[in-house]
Amino acid sequence: MHHQLKPPEAATLPRHLLEAHVVWLVRQCRSLRALRGAHARLLRLRLPRLTHAFALSKLLASCAASAPTAAAASYARSLFDQIPEPTAFCYNSLIRALATPSNPTADAFLLYRRMLRAGSPSPNSFTVAFALKACATVPALGEGRQLHSQAFRQGLEPSPYVQTGLLNLYARCEEVALAKSVFDGMAEDRNLVAWSSMIGGYSRVGMVNEALDLFRDMQAAGVNPDEVTMVSVISACAKAGALDLGRSVHAFIDRKGITVDLELSTALIDMYAKCGLIERARLVFDAMVERDTKAWSAMIVGLAMHGLAEDALAIFSRMLQLKD
DNA sequence: ATAGGGTTAG
């Protein structure tokens with residue numbers, strides 16, 4: 001009954017009901033295409049001006065929360081441009097949507113700067129957190145450092161989302177000393193994301209002992225690792241070529257009931273291959289319910305490293321067959 | 001009025 005709302009009815013309904021309808025309609029959308037469809041239907045309702053702005057904001061936020069693609073970014077920009085007086089919420093959503101891997105220029109950062117220059121609306125912790133994420137995606141260390149000092153000046157630095165955003169930015173930029181100083185400053189607020197990000201940073205630069213020590217500290221601090229944490233821990237074992245350790249970490253994963261998802265399976269394949277247990281790598285690969293290009297590649301590269309060229313080519317053919 | 005951090009191969 002909700003979806004049968006017609007323009008003549010829309011004009012007579014109270015605003016909160018129209019807004020509820022907008023929320024309901026946007027929440028149904030599972031894809032950009034669906035979002036565009038909802039947009040078209042909302043336009044036909046000829047909503048009052050304020051409700052229309054509300055609808056555009058909701059569409060924009062949903063677009064920003066969808067898969068970070070170039071298409072989502074450009075649709076988000078077009079939505080933003082239709083909003084007469086964008087609020088901080090709108091800016092935040094667009095900054096979030098612009099943080100795509102296919103958007104190598106720091107557009108999100110430029111928009112943040114434009115917001116600052118205009119003087120209004122004022123950025124909040126969401127703005128900084130999304131902008132930091134964009135800088136981490138690029139990655140853009142210089143822009144991220146500017147965000148850091150501005151966040152400090154605006155008193156937004158204490159937000160845990162800003163903290164983890166900074167930590168992650170530095171970790172992704174391989175600035176482990178900077179990442180560590182943010183991490184140390186978090187003291188009481190160190191949550192799962194902060195621990196995972198810091199462990200990931202150490203693992204990325206090959207500081208495997210630091211990564212593994214931190215993994216132990218994390219457990220001592222009573223924070224339970226999840227599958228994302230374990231990807232970095234397994235990757236540290238792979239880089240160290242530490243088979244015994246890798247096996248015991250794998251046993252830990254099973255014992256704790258941590259989900260071995262696509263990413264963790266790929267990390268395990270890589271670890272077993274690098275540590276010399278290609279058959280265990282193959283077992284993990286065979287047990288996977290879905291495989292992406294990285295999973296196939298980890299298996300193929302692993303077999304190739306072990307001199308199993310024919311097996312590698314056989315897997316490659318299987319991969320090609322499944323593609324079409 | 002509405003929203004949010006972390007993951008892997010070569």
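Each chain gets a letter, A, B and so on, in the order the sequences are listed, and its residues count up from 1.
Within the nucleic acid shown, A:Thr293 has no heavy atom closer than 4.0 Å to any nucleic acid atom. Counting non-hydrogen atoms under 4.0 angstrom, A:Leu192 reaches a base of the nucleic acid.
One hydrophobic cluster holds both A:Val176 and A:Leu166 under the rule that ILVMFWY side chains link at heavy-atom gaps under 4.5 Å. The hydrophobic clustering, which links ILVMFWY residues whose side-chain heavy atoms are closer than 4.5 Å, places A:Met186 and A:Val128 together.
The side chain to side chain contact (heavy atoms under 4.5 Å, CB included) check on A:Ala76 picks up A:Leu60, A:Cys63, A:Leu94, A:Ala97, with sequence neighbours excluded. Taking the ring pair (Phe, Tyr, Trp, His ring centres under 6.0 Å) definition, one finds that A:Phe252 meets it with A:Phe215, sequence neighbours left out. Under the ring pair (Phe, Tyr, Trp, His ring centres under 6.0 Å) criterion, A:Phe109 pairs with no residue, sequence neighbours left out. Applying the ring pair (Phe, Tyr, Trp, His ring centres under 6.0 Å) criterion to A:Tyr112, with sequence neighbours excluded, gives no partner residue. Residues meeting the salt bridge (Lys or Arg N to Asp or Glu O under 4.0 Å) test with A:Arg113, sequence neighbours left out: none. Here A:Lys133 pairs with nothing under the salt bridge (Lys or Arg N to Asp or Glu O under 4.0 Å) rule; sequence neighbours left out. Every residue meeting the ring pair (Phe, Tyr, Trp, His ring centres under 6.0 Å) condition with A:Tyr272, not counting sequence neighbours, appears here in chain and number order: A:His250.
Here A:Lys133 reaches the OP1 or OP2 of B:dG6: one of its side-chain N or O atoms lies under 4.0 Å away. Here A:Arg204 reaches the OP1 or OP2 of B:dT8: one of its side-chain N or O atoms lies under 4.0 Å away. Taking only side-chain nitrogens and oxygens, A:Arg172 never comes nearer than 4.0 Å to OP1 or OP2 of B:dG6.
Between A:Met299 atom CE and B:dG10 atom P there is a gap of 13 Å when expressed in whole angstrom units. In this structure, A:Leu166 atom CG and B:dG6 atom P are separated by 12 Å, rounded to whole Å. When the P atom of B:dG6 is taken as reference, atom CE of A:Met186 falls 12 Å away, rounded to whole Å. Going from atom CZ of A:Arg27 over to atom C1' of B:dA3 covers 13 Å, rounded to whole Å. As rounded to whole Å, 6 Å separates atom C1' of B:dA1 from atom CZ of A:Phe54. Between the CG atom of A:Leu50 and the C1' atom of B:dT2 there is a distance of 14 Å, rounded to whole Å. Atom P of nucleotide B:dT8 and atom CD1 of A:Ile199 are separated by 13 Å, given to the nearest angstrom. Put simply, CG on A:Leu94 is 14 Å from C1' on B:dA3, counting in whole angstrom units.
Nearest to the side-chain atoms of A:Asn168 among the listed nucleotides B:dG6, B:dG4, B:dG10 stands B:dG6. Checking B:dG10, B:dG6, B:dT7 against the side-chain heavy atoms of A:Val301 singles out B:dG10 as nearest.
Evaluation of the salt bridge (charged side-chain N to carboxylate O under 4.0 Å, His left out) test over residues 185-211 of chain A, restricted to residues two or more places apart or in two chains, returns A:Asp184-A:Arg190.
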Give the C-alpha distance, both sets of side-chain angles, the deciding distance and a yes or no for ring pair (Phe, Tyr, Trp, His ring centres under 6.0 Å) between A:Trp296 and A:Phe316.
-> CA-CA 8 Å; A:Trp296 285 97; A:Phe316 181 55; 9.3 Å; no
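Within a heavy-atom distance below 4.0 Å of DNA chain B, the residues of residues 57-93 of chain A found are A:Lys58, A:Thr87, A:Phe89, A:Asn92. Of the residues in residues 209-229 of chain A, those with a non-hydrogen atom less than 4.0 angstrom from any atom of DNA chain B are A:Asp226, A:Val228, A:Thr229. Of the residues in residues 248-275 of chain A, A:Glu263, A:Thr266, A:Asp270, A:Lys274 come within less than 4.0 Å of DNA chain B through at least one heavy atom, sorted by number.
Here A:Phe126 packs flat against the base of B:dG4; its ring centre is closer than 5.5 angstrom to the base's six-membered ring, tilted by less than 30 degrees.
Cluster partners of A:Leu110 are absent, since no Ile, Leu, Val, Met, Phe, Trp or Tyr has side-chain heavy atoms less than 4.5 Å from it.
Contact annotation: side chain of A:Ser196 to base of B:dG6, donor-acceptor pair present below 3.5 Å.
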